Amino acid sequence: MPELPEVETIVRGLRPTLPGKTIERLRILHADVLRQPRREFSARLKGRTFESVDRRGKNIVAHLTEGVVLVVNLGMTGRLVWARDETPTTHPAVRFTVNAGPALVYDDVRRFGRLEAMNETEWALRDRDLGPEPLSSTFTAQRLHEDLSRSVSPIRSWLLDQRRVAGVGNIYANEALHLAGIHPQRSCKSMTEGEARKLHRALRRTLSSAVENRGTTLKDYRDASGNPGDNASRLRVYGRGEEPCLRCSTRVCRLVFGNRSAFYCPSCQPFGSGVTA
DNA sequence: AGTGTATCCTGCAGGC
DNA sequence: TGCCTGCAGGATACAC
């Protein structure tokens, strides 16, 4: 659910309010969202003060005093929200009581999300396994083309692999491939330099415009204040199976592989040429 | 190395 | 109304 634009929106919402807050108490209502024993999680965080909040891929990364790093991956339905009356939390899993203002609540219907408190060294190791940030200057069309040339995976599967590119999920992978005119099952190494450049541009455009629209809310996603995003109406193919392509009116197809739905326009994204390269 | 499959969970929509 | 099935934005472990 929450991909790069949604996590970025949450982080931007937390930035003005979270730093300076000290965790006074933690209540763990569902320990299965923790990646470590609950006592260790609590001991590392209790009494620490938030200093900054960042995003890495789909992870919220909060830095606290004494070198403690809180990493939150929201899974499908996770939310990190301030507990206020206008944004009721239906499935709270962890509640952080802070020294001033409302509590910070990790709420997650399906509990696929994960939280972990670690030190800087542990975080550096985790960070190293993630691919480049698609909106950063280190992510170039040339690098993308080189990386693609080493894989025989279908391009959609490759885009979802967080070790290749960090932050892309099923919605934006499908959207970017449509914008780039590339079939989701095309093999990575069949990608020409021109196609890699198109895909590079499509990824950046798709993700940055979704950030501007504060993320895509299909059902569950909410920002740190509990508000939905505005990007859902901008989706061109995701969730639009059987509906006409907004570009050419051909019926959008739905295909399942890698255990996920892929949506594409067979006319704008032909499987066609270059497949067996 | 890569892929398909199952798994962790709950909720919702659709068919009967 | 109830029951059943399939589906959902993610990550990971397993066998092959």
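Note that the coordinates shown come from a computational prediction; the quantities given were computed from them, not determined experimentally. What you see below is based on every heavy atom in this structure, not just the backbone, and it leaves out hydrogens, waters and symmetry mates. Each chain gets a letter, A, B and so on, in the order the sequences are listed, and its residues count up from 1.
- Heavy atoms of A:Arg164 sit under 4.0 angstrom from primed sugar atoms or phosphate atoms, though from no base atom.
- Regarding A:Arg156, its CZ atom lies at a distance of 16 Å from the P atom of B:dG2, rounded to whole Å.
- Remark: C1' of B:dA1 and CZ of A:Arg150 are 13 Å apart, rounded to the nearest angstrom.
- Atom CD in A:Gln185 sits about 12 Å away from atom C1' in B:dT3, given to the nearest Å.
- C:dG9 atom P lies 16 Å from atom CG of A:Leu207, rounded to whole Å.
- Between A:Thr77 and the phosphate of B:dG11, there is no side-chain N or O to OP1/OP2 separation shorter than 4.0 Å.
- Closest to the side chain of A:Arg254, from the set C:dG9, B:dG2, C:dC7, is C:dC7.
- A donor and an acceptor atom, one from each side chain of A:Arg110 and A:Thr77, are nowhere located under 3.5 Å apart.
- The distance from atom CZ of A:Arg163 to atom P of B:dA1 is 10 Å, rounded to the nearest whole Å.
- Side-chain nitrogen and oxygen atoms of A:Lys219 include none within less than 4.0 Å of the OP1 or OP2 phosphate oxygen of C:dC7.
- Side-chain nitrogen and oxygen atoms of A:Tyr238 include at least one within less than 4.0 Å of the OP1 or OP2 phosphate oxygen of C:dG9.
- In this structure, of B:dG2, C:dA11, C:dG9, it is B:dG2 that holds the atom nearest to the side chain of A:Ser153.
- Summarising the local packing, CZ of A:Arg204 is surrounded by more than 12 heavy atoms from other residues, nucleotides or ligands at distances under 6.0 Å.
- Distance check on atom P: B:dG2 versus C:dG9 gives 23 Å, rounded to whole Å.
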Can you check nucleotides 4-7 of chain B for protein contacts, nitrogen or oxygen pairs under 3.5 Å, and list what you find?
residue	atom	partner	partner atom	Å
B:dA6	N7	A:Asn259	ND2	3.2

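- For C:dC7, neither phosphate oxygen OP1 nor OP2 lies less than 4.0 angstrom from any side-chain nitrogen or oxygen of A:Ser261.
- Per the geometry, CD1 belonging to A:Ile155 stands 15 Å off C1' belonging to B:dG2, to the nearest Å.
- When hydrophobic residues (I, L, V, M, F, W, Y) are linked wherever their side-chain heavy atoms come within less than 4.5 Å, the members clustered with A:Met118 are A:Val61, A:Val69, A:Val71, A:Trp123.
- The aromatic rings of A:Phe96 and A:Phe41 lie tilted to each other, with the angle between the two planes from 30° to 60°.
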Report each atom pair, protein N/O against N/O of nucleotides 8-10 of chain B, whose distance is under 3.5 angstrom.
residue	atom	partner	partner atom	Å
B:dC9	O2	A:Arg110	NE	2.9

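- The side chain of A:Asn73 places an N or O atom within less than 4.0 Å of a non-bridging phosphate oxygen (OP1 or OP2) of C:dA11.
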Report the C-alpha separation of A:Trp158 and A:Val165 in whole Å, then their side-chain angles, then the decisive distance to 0.1 Å, and conclude whether the side-chain contact (heavy atoms from CB on, under 4.5 Å) test is met. CA-CA 8 Å; A:Trp158 192 91; A:Val165 190; 3.5 Å; yes
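- When the shell of 6.0 Å around NZ of A:Lys198 is examined, it contains 12 or fewer heavy atoms from other residues, nucleotides or ligands.
- Distance, A:Arg35 CZ to C:dA13 P: 9 Å, rounded to whole Å.
- A:Glu120 and A:His63 form a side-chain donor-acceptor contact under 3.5 Å, judged by distance and modelled atom types alone.
- Distance noted for atom P between C:dC3 and B:dC8: 23 Å (whole Å).
- No path of Ile, Leu, Val, Met, Phe, Trp and Tyr side chains, each step under 4.5 Å between heavy atoms, connects A:Leu160 with A:Leu4, placing them in separate hydrophobic clusters.
- Shown here are the ring pair (Phe, Tyr, Trp, His ring centres under 6.0 Å) partners of A:Phe263, two or more places apart in sequence or in another chain: A:Tyr238.
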Bracket notation of DNA chain B in which parentheses pair within the strand, [ ] cross earlier pairs, and | pairs with another strand (Watson-Crick or G-U, under 3.5 Å): .|||||||.|||||||
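- Under the 4.5 Å side-chain heavy-atom criterion for Ile, Leu, Val, Met, Phe, Trp and Tyr, A:Leu207 and A:Val237 are members of the same hydrophobic cluster.
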Using distance only, find each side-chain donor-acceptor pair of residues 241-248 of chain A under 3.5 Å and give its atom names and separation, not counting sequence neighbours.
residue	atom	partner	partner atom	Å
A:Glu242	OE1	A:Arg251	NH1	2.5
A:Glu243	OE1	A:Arg240	NE	3.2
A:Glu243	OE1	A:Arg240	NH2	3.4

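- A:Asn170 and A:Arg156 are linked by a side-chain donor-acceptor pair at a separation below 3.5 angstrom, with hydrogens and angles left out of the test.
- C:dT5 sits 15 Å from B:dA6 when the P atoms are compared, rounded to a whole Å.
- Look at CZ on A:Arg126: it is 12 Å from P on C:dA11, rounded to the nearest Å.
- Cluster membership for A:Val252 and A:Leu255, using ILVMFWY side-chain heavy atoms within less than 4.5 angstrom, is not shared.
- Rounded to a whole angstrom, the distance from the P atom of B:dG11 to that of C:dA11 is 22 Å.
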